[in-house]
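Please read the structure below before turning to the comments.
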Amino acid sequence: MFIPAQGKLCSKSSDIHIRDAVAADSLLLWKWANDPVTRANSFRTKAISWNEHQRWYAKRLASLDCRLWIMELKNVPVGQIRYDRITIDVAQVGFSVAHRVRGKGFGTLLLETTAPMASSELKVRWVRGITLSGNLASQRAFAKAKFTLFEQRRIGEHECFVFQRGV
Ligand SMILES: CC(C)(COP(=O)(O)OP(=O)(O)OC[C@H]1O[C@@H](n2cnc3c(N)ncnc32)[C@H](O)[C@@H]1OP(=O)(O)O)[C@@H](O)C(=O)NCCC(=O)NCCS
């Protein structure tokens, strides 16, 4: 079976795996977090130090309210996605795809594949993502993964879109 994401991604589904993020992924996730496009699309654009990242990552891995997954193509990591339960019913999602493979459908596939997993593991009914108004790739990925625009909101100095999907 092949997964054609708008004709861009054409990989055997058996080549694509989702796995739990583990302690050994810390360096990779730190590098991805400091990717310039990722920082530019975040509320905090400043680079994240290694020490700060290590403290943050250890807490996320230990949290019962958090799930972090890595998507791999032929055993090579291509993206990460994190769900944090923010209320009894809602988990908030953040995701990114490795720079070299953006625009090939992996972001959409990450959202589609993991939203039901997050629902079942965190016992939430809704998953929600917030994008800056200028982050068109993220907005398109949410829309294609069957999230709908829940609200438009100003957060600090940023105009944002809140996307939500029932799961
Ligand atoms: C957002 C992100 C995860 C999307 O992943 P991706 O694998 O590149 O997305 P997809 O390939 O699934 O593409 C989704 C849609 O966005 C479009 N898109 C991709 N890059 C784009 C860009 N730079 N500008 C506008 N649209 C873009 C794609 O064309 C596709 O829409 P289409 O099928 O209608 O053409 C990825 O771009 C990324 O890692 N960005 C930096 C981190 C980030 O912004 N994370 C989200 C925070 S909310």
Side-chain angles (χ1 to χ4, degrees), residues 18-72 77-115 117-119 121-122 124 126-145 147-165 167:
I18 303 271
R19 63 165 176 82
D20 288 340
V22 295
D25 294 308
S26 188
L27 181 61
L28 171 72
L29 292 175
W30 178 60
K31 287 183 178 166
W32 279 354
N34 279 325
D35 168 85
V37 178
T38 299
R39 290 270 43 87
N41 284 313
S42 304
F43 292 107
R44 197 191 116 179
T45 51
K46 199 160 74 84
I48 299 166
S49 75
W50 172 239
N51 283 344
E52 184 185 350
H53 170 75
Q54 280 184 304
R55 282 194 298 275
W56 171 87
Y57 190 51
K59 276 191 198 156
R60 301 269 45 84
L61 284 185
S63 171
L64 298 176
D65 291 323
C66 178
R67 289 293 181 279
L68 231 166
W69 289 295
I70 306 273
M71 177 177 273
E72 294 186 337
V78 290
Q80 63 82 30
I81 193 157
R82 189 180 89 244
Y83 292 84
D84 286 298
R85 183 177 20 228
I86 54 169
T87 71
I88 188 115
D89 259 353
V90 180
Q92 188 161 306
V93 57
F95 68 127
S96 66
V97 165
H99 177 76
R100 67 185 189 288
V101 289
R102 285 185 190 149
K104 295 180 187 297
F106 288 115
T108 306
L109 190 59
L110 254 178
L111 288 169
E112 279 174 344
T113 312
T114 58
M117 292 163 62
S119 162
E121 295 199 15
L122 293 172
V124 292
W126 302 93
V127 288
R128 188 179 288 178
I130 303 179
T131 80
L132 302 189
S133 59
N135 192 351
L136 301 183
S138 178
Q139 289 156 32
R140 286 289 307 147
F142 277 120
K144 288 172 69 186
F147 285 65
T148 53
L149 187 61
F150 174 66
E151 65 177 355
Q152 189 167 349
R153 191 198 297 168
R154 198 166 177 82
I155 302 178
E157 58 196 29
H158 301 283
E159 206 54 50
C160 299
F161 296 119
V162 181
F163 285 86
Q164 185 161 286
R165 172 179 152 165
V167 278

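Because the structure is a prediction, the values reported are computed rather than measured.
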Checking the side chain of [X] only, and the main-chain atoms of [Y] only, is there a donor and an acceptor separated by less than 3.5 Å?
| X | Y | answer |
| --- | --- | --- |
| R82 | C66 | no |
| W50 | L27 | no |
| S42 | R44 | no |

Any idea which heavy atoms bring [X] and [Y] closest together, and the distance?
| X | Y | result |
| --- | --- | --- |
| A21 | L29 | CB-CD1, 4.4 Å |
| R19 | P77 | NH2-CG, 4.4 Å |
| A145 | L111 | CB-CB, 3.6 Å |
| D20 | D25 | O-OD2, 4.2 Å |
| C160 | F43 | SG-CE2, 3.6 Å |
| Q139 | L132 | NE2-O, 2.9 Å |

Atom [atom1] in [X], atom [atom2] in [Y]: separation rounded to 0.5 Å?
| X | Y | atom1 | atom2 | value |
| --- | --- | --- | --- | --- |
| Q164 | F150 | CD | CZ | 4.5 Å |
| T148 | R165 | OG1 | CZ | 10.5 Å |
| T114 | L68 | OG1 | CG | 10.5 Å |
| T113 | M71 | OG1 | CE | 4.5 Å |
| S63 | R85 | OG | CZ | 8.0 Å |
| N135 | R140 | CG | CZ | 13.0 Å |

Inset, instruction - Please name all residues satisfying salt bridge (Lys or Arg N to Asp or Glu O under 4.0 Å) with R39, sequence neighbours left out, ordered by chain then number. - result: none

Quick one: list whatever passes ring pair (Phe, Tyr, Trp, His ring centres under 6.0 Å) with [X], sequence neighbours left out.
| X | answer |
| --- | --- |
| F142 | F95, F147, F163 |
| W69 | Y83 |
| H99 | none |
| F161 | none |

Legend entry - Donor-acceptor side-chain pairing of Q92 and R128 below 3.5 angstrom: no

Legend entry - side chain to side chain contact (heavy atoms under 4.5 Å, CB included) evaluation trace for Q80 with S96: CA-CA 6 Å; Q80 63 82 30; S96 66; 2.9 Å; yes

Inset, instruction - For the pair L110 and F106, evaluate side chain to side chain contact (heavy atoms under 4.5 Å, CB included) and give the outcome as yes or no after the intermediate values. - result: CA-CA 6 Å; L110 254 178; F106 288 115; 5.8 Å; no

Inset, instruction - Given side chain to side chain contact (heavy atoms under 4.5 Å, CB included), test I130 with V162 step by step and report yes or no. - result: CA-CA 5 Å; I130 303 179; V162 181; 4.2 Å; yes

Legend entry - R55: partners by side-chain hydrogen bond (donor to acceptor under 3.5 Å, both in side chains), with sequence neighbours left out: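 Expected list: none.
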
